Amino acid sequence: MLQVQLPDGSVKEYPDNYTAIDVAKTIGERLANATLAAEVNGNVVDAMRPLEQVSNLPAGTPIPLKLITNKDPRALGVMRHSAAHIMARAVMRLYPGVGLAFGPTTGHGFYYDFDLDTKISEDDFPRIEEEMKKIIVDAEPFERIQSTRDEAIKLCGDLNQKLKVEHIQTGLADHSSLSFYRQGNFLDLCRGPHVPDAGRVTAIKLISIAGSYWKGDANNKQLQRLYGTAWFSQKDLDEYIQQVDEAKKRDHRVLGKQLGLFTISQEVGPGLVLWLPKGATIRATLEEFIKKELLKLGYTPVYSPHIGRVEMYETSGHFPYYRDAQFSPIFGHDAGALVDFWIRKLREHKEGTAVFSLDDENKLLESAKVMGAALTEYPKTGSVDAKIETLRVWEKNQERYLLKPMNCPHHVQMYASQQRSYRDLPVKLAEFGTVYRHEKTGELNGLLRVRGLTQDDAHMFCTPDQVEEEFKATLNLVKFVLGSVGLDDYRVQLSLRDSKNKSKYVGTDENWDKAEATLRKVLTEMGWAFTTMEGEAAFYGPKTDFMVRDCIGREWQLGTVQLDFNLPERFKLEYIGADNKPHRPVMIHRAPFGSMERFTGVLIEHFAGAFPLWLAPEQVRVLPISEKAYDYAASVERRFREAGFRVTTDFTSNRVNAKVRDAQLALIPYMLVVGEKEAAADTVTVRDRLEADKQLNLSVAEAIAKLQEEAAARRVRQVAKSNFRSFDSAGEEENEY
RNA sequence: GCUGCUGUAGCUCAGUGGUAGAGCGCGUCCUUGGUAAGGACGAGGUCCUGGGUUCAAAUCCCAGCAGCAGCUCCA
């Protein structure tokens, strides 16, 4: 007999081969029908497998069991995973030769990656959905099959599933036993769990098709990823679709256009933001705000140019590490680009990654001559190294500039411009530094991913003793800055080096270990919740990143605080210590907003365009009732402007109803309605955008005082909550198998 | 960069192998009104760019550019 402990604590006995469903049946048929999975000893498992098998407890121990019905959010994940199998089965029925890759669930649904020559398009969705519905109607059970590695490889090989075979041999190399799930004649390598049968999957919809790479590596084969979503009822599904539509309305690109905040012109170039007056006002207000905070914290403002010599970025490492993502260097000599290309070819030739023939070499020599670079020293018969060296010498005598991709090297030069004593440290150099990066076309996204961006950047040069304290103070600054705009749904991430691929980073293991340990210590001491991500560090050091989500749930990095032992080393920075000897400072790179572009973009979505009074580009609009009140309206506008407000007056010939509507839709925090009554008493009727029914008749002076108080306090009275945003990645599965 | 989709008026979008459409916005006039749209008239378009097919292309095909979604990347 089997002993089972139910959630109420009671222990009951059942026959040995009983499943969770069987147990449910003893309680009631309806419960059994609603049971989709089971929680056994804390793990979510199949409800249709014998409890003995799914519990890893010693025989004779009572098995703790909780039935998971469709009321339990975890059931949604299990069901979506089953839906992914059903979709894969449907696709295999419709298309011959489908290779299966991964098919996990996501926070909003599921996807499956297919290796398939025929291109699936959205027009095919109805067919696939039809096929899925047939499978659901047939309601065949999901059945788990356990196998050894060798059996699994043979089974996948027999099914001609090459990717699965490869995955078992590589990614699952340490699994001695593997599980499959069979659903009718469809068999897939899968760790489960699944719902008892296909009929339990109720409301499904295919969402989109897109490319993906096998195992997430762009060098690998490109697959077709089919996204879908599944819910327990058509009503839930409809609600979800509606939420997505709602969420899209607050997209910063949509609102940015609607509210006239910014524009991106093809003529100027993709990813290059044109801040229109209203957007620029928001940005300027944010900049002013943080400038004041920085002064309080002992930062000093600096300015640096938009370009710098390539050699400097070679020293820092930015140029070699990110060349692909940078705008091409600016060469002072016509032959500069040619010699640059030449050196790269020679290097590739040396590494054996490209062929560089004698003929090519002669052509380049000729071309260089035509361009005015004689290169008489070029050792045509010399070694590759000698050739590279000769070209490098020539290159270094020319001017080569880089559009700056980062501010750090400039600030480093400022630090190095004078001798520093330990008494001077920390030195905190702050600048709204505009940098340029040639992001790949597919990555650009409104204000969130651009090619020209302004960081609210600063670099702190500390003694090793100061690092922890300064790091903590900076983290608190970021928290304060985010809090002042009501942003509280962010995630703190400790971004570490990829321990398996250290070639992506500069510096010694010792420095890295020290830096990573410091960050971990600081975060732990502060008592903040944080997640750790390997491989997310900057090439020069680990960092603490503040991650937020956009209107459709994508995560973006905003603020960042980074610890760096390496650039001071590479630039040989020093300060004179109390021992009268030179020491190496430590750098902290930090940007609380991250970039003004991305921060503003996130902020637009955060407020759904309805900015609090202190940030609103148009804070107040005066609405004269009729022409008779025009003169008075003008005087009210003038007095508000003189009091420091961004104010306009609606002099259109519309009726006041229309003026109110326009102002309301323009998301202006306060309207001041003025007519003959107000003019006679020198008052205004204040209409609050958020509380239109609570209107106040105040004297102009009172109204100014009231609004000044609200703006000065930087009060955030409303943050546009999004249902959609509450979805998180908690329901997502790893691509384990 | 890769895969797929999209590109028509200032905006949102309909549309057809045969002379270009709506709503909103904009302009003018009438209306001078008390809290989410007063009325009339009017202007406005290289239908993304370049090729091709065709008697005829904004429509079909190809290439490019740009945007969107996903992947990859992100100092």
Side-chain angles (χ1 to χ4, degrees), chain A residues 106 111 113 119-124 207-227 248 251 253-254 257-258 260 263-267 269-271 313 316-326 404-409 435 437-446 448-450 453 455 457 495 504-506 536-541 543 545 552 554 556-557 560 562 564 567 589 591 598 623-630 652-665 671-678 685-687 689 692-693 695:
Chain A
T106 67
Y111 66 79
D113 283 344
K119 299 285 179 203
I120 297 175
S121 87
E122 287 192 24
D123 300 339
D124 302 319
I207 300 294
S208 63
I209 177 95
S212 68
Y213 299 103
W214 170 237
K215 296 208 164 173
D217 187 338
N219 298 314
N220 285 347
K221 182 161 195 177
Q222 184 142 28
L223 308 169
Q224 297 189 70
R225 176 171 297 180
L226 195 47
Y227 282 88
K248 283 179 185 161
D251 187 311
R253 293 163 296 193
V254 173
K257 196 177 268 182
Q258 239 170 52
T263 188
I264 294 172
S265 142
Q266 248 189 75
E267 309 278 316
Y313 290 102
S316 73
H318 288 96
F319 187 66
Y321 273 83
Y322 292 105
R323 172 152 201 174
D324 292 349
Q326 283 165 8
K404 80 172 163 188
M406 254 308 191
N407 302 303
C408 356
V435 299
R437 299 169 184 181
H438 195 268
E439 304 286 9
K440 291 185 241 166
T441 52
E443 257 104 54
L444 299 173
N445 185 296
L448 301 182
R449 192 77 183 265
V450 293
L453 58 130
Q455 299 175 312
D457 208 359
S495 299
K504 293 192 296 187
Y505 309 92
V506 299
E536 296 294 309
F539 73 85
Y540 48 74
K543 48 187 189 145
D545 296 320
I552 58 168
R554 291 176 295 205
W556 302 87
Q557 177 196 311
T560 179
Q562 316 177 348
D564 179 7
L567 289 191
H589 307 235
R598 181 175 289 178
L623 309 183
I625 299 278
S626 76
E627 268 177 26
K628 291 178 199 136
Y630 275 16
T652 62
S653 66
N654 285 327
R655 287 165 47 168
V656 75
N657 301 36
K659 292 183 185 181
V660 166
R661 180 172 190 267
D662 288 346
Q664 198 78 30
L665 291 177
M671 295 170 224
L672 304 176
V673 180
V674 296
E676 288 175 285
K677 275 188 293 185
E678 285 81 0
T685 298
V686 180
R687 185 186 155 120
R689 190 186 68 83
D693 49 339
Q695 297 190 27

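Labels below follow one simple rule: chain letters A, B, ... track the order of the sequence lines, proteins then strands, and each chain is numbered from 1. On a predicted model such as this, the values are computed, not experimentally measured, just so you know.
- Between the side chain of A:Glu676 and the main chain of A:Ala629, no donor-acceptor pair closer than 3.5 Å is present.
- With a cut-off of 3.5 Å on both pairing distances, B:rU54 has no Watson-Crick or G-U wobble partner at all.
- A donor-acceptor contact under 3.5 Å is formed by the side chain of A:Gln695 with the base of B:rU35.
- Using a 4.0 Å heavy-atom criterion, one finds that A:Val673 contacts the bases of the nucleic acid, with or without backbone contacts as well.
- To the nearest angstrom, P of B:rG1 lies 19 Å from CG of A:Asp217.
- As rounded to the nearest Å, B:rU49 and B:rA9 have P atoms that lie 11 Å from one another.
- Looking at heavy-atom distances under 4.0 Å, A:Glu678 makes contact with a base.
- The same atom, C1', is picked in B:rG15 and in B:rU59; the two are 10 Å apart, to the nearest Å.
- Across the strands present, B:rU3 finds its partner in B:rA69; the criterion is a Watson-Crick or G-U wobble pair with both atom distances under 3.5 angstrom.
- A pairwise comparison of heavy atoms in A:Pro320 and A:Tyr313 identifies CD-O, 3.6 Å as the closest pair.
- Using bins of under 30°, 30° to 60° and over 60° for the plane-to-plane angle, the ring pair A:Phe539/A:His318 lands in the perpendicular bin.
- Atom CD1 of A:Ile625 sits about 11.5 Å away from atom OH of A:Tyr630, to the nearest 0.5 Å.
- Within a 6.0 Å radius of NZ in A:Lys248, other residues, nucleotides and ligands contribute 12 heavy atoms or fewer.
- Counting non-hydrogen atoms under 4.0 angstrom, A:Tyr321 reaches nothing in the nucleic acid.
- Nucleotides B:rA20 and B:rU8 are separated by 9 Å at their C1' atoms, to the nearest Å.
- Rounded to an integer number of Å, the gap from CG of A:Asn220 to C1' of B:rU72 is 11 Å.
- In this structure, A:Glu536 reaches neither bases nor backbone, as no heavy-atom distance under 4.0 Å exists between it and the strands shown.
- At the heavy-atom level, A:Gly317 lies nowhere under 4.0 Å from the strands shown.
- Distances shorter than 4.0 Å separate some side-chain N or O of A:Lys257 from OP1 or OP2 on B:rU12.
- Across all strands shown, B:rG33 forms no Watson-Crick or G-U wobble pair with both key distances under 3.5 Å.
- The base of B:rG70 is not paired with the side chain of A:Tyr213 by any donor and acceptor separated by under 3.5 Å.
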Within the 4.0 Å limit for protein heavy atoms, which parts of nucleotides 63-68 of chain B are touched? Write it as a string from 5' to 3', B for base, S for sugar-phosphate only, - for none. --SSSS
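- Using Watson-Crick or G-U wobble geometry with both donor-acceptor distances under 3.5 Å, B:rA22 finds its partner in B:rU12.
- Nearer to the 5' terminus of RNA chain B, by closest-nucleotide assignment, is the contact made by A:Thr685 (compared with the other of A:Thr685 and A:Ala537).
- Under 4.0 angstrom from either OP1 or OP2 of B:rA75 there lies at least one side-chain N or O belonging to A:Lys543.
- Per the geometry, CZ belonging to A:Phe539 stands 12 Å off P belonging to B:rC74, to the nearest Å.
- A:Glu267 has its CD atom 12 Å from the C1' atom of B:rU49, to the nearest Å.
- Between A:Thr560 and A:Gln562, the side chains place a donor N or O and an acceptor N or O closer than 3.5 Å (distance only, hydrogens not considered).
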Please determine whether salt bridge (charged side-chain N to carboxylate O under 4.0 Å, His left out) holds for the pair A:Lys215 and A:Asp217, giving the CA-CA distance in whole Å, both sets of side-chain angles, and the decisive distance to 0.1 Å. CA-CA 6 Å; A:Lys215 296 208 164 173; A:Asp217 187 338; over 6 Å; no
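- Counting non-hydrogen atoms under 4.0 angstrom, A:Lys628 reaches the backbone sugars and phosphates but no base.
- Residue-to-nucleotide contacts include no donor-acceptor pair under 3.5 Å from the side chain of A:Arg437 to the base of B:rC73.
- For the C1' atoms, the distance linking B:rC13 with B:rC47 amounts to 13 Å, nearest Å.
- Here B:rC74 presents its P atom at 17 Å from NE2 of A:His438, a figure rounded to the nearest Å.
- A stacked arrangement is assigned to A:Tyr322 and the six-membered base ring of B:rA75, with a centre-to-centre distance below 5.5 Å and an interplanar angle below 30°.
- Nearest approach of A:Asp124 to A:Lys119, heavy atoms of both residues: OD2-O, 3.9 Å.
- In this structure B:rG44 sits in no base pair that meets the Watson-Crick or G-U test at under 3.5 Å.
- Between the side chain of A:Arg437 and the backbone N or O of A:Pro405 there is at least one donor-acceptor pair closer than 3.5 Å.
- Rounded to whole Å, the C1' atom of B:rG44 lies 15 Å from the corresponding atom of B:rA22.
- Annotation: the span from A:Tyr213 atom OH to A:Leu223 atom CG amounts to 10.0 Å, rounded to 0.5 Å.
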What protein N or O atoms touch nucleotides 3-6 of chain B N or O atoms at under 3.5 angstrom, if any, and at what distances?
residue: B:rU3; atom: O4'; partner: A:Gln222; partner atom: OE1; Å: 3.4
residue: B:rU3; atom: O4'; partner: A:Gln222; partner atom: NE2; Å: 3.3
residue: B:rU3; atom: O2; partner: A:Gly211; partner atom: N; Å: 3.2

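- Distance A:Glu443 CD to B:rC71 C1': 9 Å, rounded to the nearest Å.
- Separation of the C1' atoms belonging to B:rG27 and B:rA43 is 7 Å when rounded to the nearest angstrom.
- Nucleic acid contact for A:Ala538: sugar-phosphate only, since backbone atoms but no base atoms lie under 4.0 Å from a heavy atom of the residue.
- At a threshold of 4.5 Å between non-hydrogen side-chain atoms, the residues A:Gln664 and A:Arg687 count as touching.
- Heavy-atom nearest nucleotides on RNA chain B were determined for A:Tyr540 and for A:Ser208, and the one closer to the 5' end corresponds to A:Ser208.
- A:Leu672 places its CG atom 13 Å from the C1' atom of B:rU35, with the value rounded to the nearest Å.
- A:Gln258 comes within 4.0 angstrom of nothing in the nucleic acid, heavy atoms only.
- Within the 4.0 angstrom heavy-atom criterion, no nucleotide atom of any strand lies near A:Lys504.
- A distance-only check finds a donor-acceptor pair linking the side chain of A:Arg598 to the backbone of A:Leu448 [under 3.5 Å].
- In this structure, A:Asn654 places its CG atom 14 Å from C1' of B:rG27, rounding to the nearest Å.
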